[in-house]
**Q** 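Once you've had a glance at the structure underneath, I'll fire off some questions.
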Amino acid sequence: MTPRFPVSLATPLLPIAASTRRGDAHARLHEDVTAVFDQLRDPLLRYLWTFGLEVSDGEEVLQEVFLALYRHLDAGKPVENVRGWLFRVAHNLALRHRQRTRRDSEVQLEASDAERAADPAPNPEACFANDQAQKRVRAVVDALPEQDRRCLFLRAEGLRYREIGEVLGMSLGAVSMSLTRSLARVARSAER
Amino acid sequence: MNYPDSHLSDQQLLLDVEGELSAHEGKMARAHLSACWTCRARRQEFEGAITDFVRLHQSEFAPDLPSPSGPRALLRARMAQLSEASPRGLARFWLSRSLAVAMAACAVLALGVATSGLIVKRTGRPRLQAALYYMPDSRLTPGATVLLHRSAVCSQSAEGNRSVPVSLQRQVFQEYGIPSADPQAYEVDYLVTPALGGADDIHNLWPHSQSTTWNAHVKDALEDRLREMVCEGSLDLGEAQQEIATNWISAYKKYFQVDQPLPEHRRPRADSAR
């Protein structure tokens, strides 16, 4: 997908200017929000997936997320960091969705194990080493507190430490410590 | 922090890997790493841990996503719906609509002269939510005039606007999406008053909220002022019509040299019950 957003996602996205004609301003706002959607829909959907939301549920949540962005800008409020803002809203909506459905829907890695076991790999011998490494890392990640896992997932989607802190309500130092702790565990698991 | 004399902490190593150190700290860290094999090996371990996690993330947490075209189209449709219906969007529209209204008013007035009737083709009507209307919606009420010479305008009675038939009032409320409006809350008002050549037409009528600061009594005061100026010859009739149709509040501010309605204009006039 070709990114259409003309500026860095860290650039503030400004609301409709009062001096702009309504039709033009809304058309421009539609284009801006659509461009951000094109660029961030996949990372956001993947992040929602880590909460256990199926893709179809994730798509629904994403509609809410981007309509919230639209309303926010239409109400004349700026967004300083579009990516951080969207991930924060998505994170909060995912938590609410999980509470509402009343199920612990963190992705169950064991289930993936079972699926993979039933799925004949084309070259099991060649895949063995990678498979073992992934099992090892999965065991480490599984054992992490949720906050630490969230930090890893958000970092894997490209968020900087400051943005992760904004999404999860953590200080920069706390994000740094969390990632250091988690990755040190992953690194140590490889030594065994 | 004296990196050359002691090993880097795990956190410092990771921050260096991540490019999150300040320029000075980064320089210090690199100076240490160039001299310390132990820290370079540990740094490599962090790189390896990141690689391991990314592989896991890609295989476990990156489902095959369907095409975004459907969700994108849905989002655009929902945004279009919101921009049509949102009261805030509408409110801001009032702030920035003068150009559009001016264009509509020019079209209306030009055609009015040619046909002594009206004016604007009626298309699909947007349905608007009940709101405080101190300005009309130009899509519904662009204004309409009849062909009258200044002398005809000035020879007719300067009394208040003709009362609008109830059936027409109902149509106006319907058009503005407030079919069950409390008649006490609105006055179905002429945009261009008949006292200045305004037409008895739905395109020239709108539900003016009684509870706003810029209520119908304030507009009456402006109409009286403009008519006075037209009749004494200091203002062209067409210009008066256009100014009131374009933005009557701006016209009020201009002709009374104030930013807010004068207190005596907010109340009904003693000599008229419009």
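Numbered from 1 within each chain, the chains take letters A, B, ... in sequence-line order. The structure displayed is predicted, hence computed values, not measured ones.
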**Q** Looking at B:Asp10, B:Leu13, B:Leu75, which makes the most heavy-atom pairs under 4.5 Å with chain A?
**A** B:Leu75

**Q** Check A:Arg136 with B:Asp52, please: is the shortest side-chain N to carboxylate O separation under 4.0 Å?
**A** yes

**Q** Kindly indicate whether the side chain of B:Leu15, heavy atoms from C-beta on, has any atom under 4.5 Å from the side chain of A:Tyr161.
**A** yes

**Q** Check A:Gln134 against B:Leu56 and note the closest heavy-atom contact, atom names and distance.
**A**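 Heavy atoms of A:Gln134 and B:Leu56 come nearest at O-CD1, 3.9 Å.
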
**Q** Hey, is A:Arg160 close enough to B:Glu20 for a salt bridge, meaning N to O under 4.0 Å?
**A** yes

**Q** Within a reach of under 6.0 Å around CE of A:Met170, are more than 12 heavy atoms found that belong to other residues, nucleotides or ligands?
**A** yes

**Q** Does any heavy atom of chain B fall under 4.5 Å from the side chain of A:Leu179, the backbone, both, or neither of them?
**A**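 When you check distances to chain B, atoms from both the backbone and side chain of A:Leu179 fall under 4.5 Å.
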
**Q** Closer than 4.0 angstrom, basic N to acidic O: yes or no for A:Glu31 and B:Arg76?
**A** yes

**Q** Looking at B:Pro68 and A:Phe37, what are the two nearest heavy atoms and their distance?
**A** O-CE2, 4.0 Å

**Q** Check B:Pro71 against A:Arg41 and note the closest heavy-atom contact, atom names and distance.
**A** CG-NH2, 4.3 Å

**Q** Any chance you could lay out the side chain to side chain donor-acceptor pair (under 3.5 Å) test for A:Thr180 and B:Gln11, step after step, and finish with the verdict?
**A** CA-CA 6 Å; A:Thr180 304; B:Gln11 205 170 343; 5.2 Å; no

**Q** Identify the two heavy atoms, one from B:Glu18 and one from A:Arg155, that lie closest to each other, and give their separation to 0.1 Å.
**A**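 For B:Glu18 versus A:Arg155, the nearest heavy atoms are OE2-NE, 2.7 Å.
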
**Q** Check whether any side-chain heavy atom of B:Met79 lies under 4.5 Å from a side-chain heavy atom of A:Leu29, and answer yes or no.
**A**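 Result no, sub-4.5 Å side-chain heavy-atom pair not found.
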
**Q** Distance from B:Arg72 atom CZ to A:Leu62 atom CG, nearest 0.5 Å?
**A**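 Output value for this atom pair is 13.5 Å.
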
**Q** Measure distances from B:Ser67 to the heavy atoms of chain A and classify the residue's part below 4.5 Å as side chain, backbone, both or neither.
**A**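 Looking at B:Ser67, just its backbone touches chain A.
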
**Q** Counting only heavy atoms from other residues, nucleotides and ligands, does the tally under 6.0 Å from CD of B:Gln44 exceed 12?
**A**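 For B:Gln44, atom CD is not crowded (no more than 12 foreign heavy atoms under 6.0 Å).
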
**Q** Which atoms form the tightest heavy-atom contact between B:Ala49 and A:Ala187, and what is the distance?
**A** CB-N, 3.9 Å

**Q** Between B:Leu82 and A:Asp74, is any pair of side-chain heavy atoms under 4.5 Å apart?
**A**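 No, too far: nothing below the 4.5 Å cut-off.
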
**Q** If you look at every heavy atom in B:Phe46 and A:Ala184, which pair is closest and at what distance?
**A** CE2-N, 3.8 Å

**Q** Mind checking the CZ-CD spacing from A:Arg46 to B:Gln58? Nearest 0.5 Å is all I need.
**A** 8.5 Å

**Q** Check whether A:Glu157 gets within reach of chain B through its side chain, its backbone, both or neither, counting any heavy atom under 4.5 Å.
**A** side chain

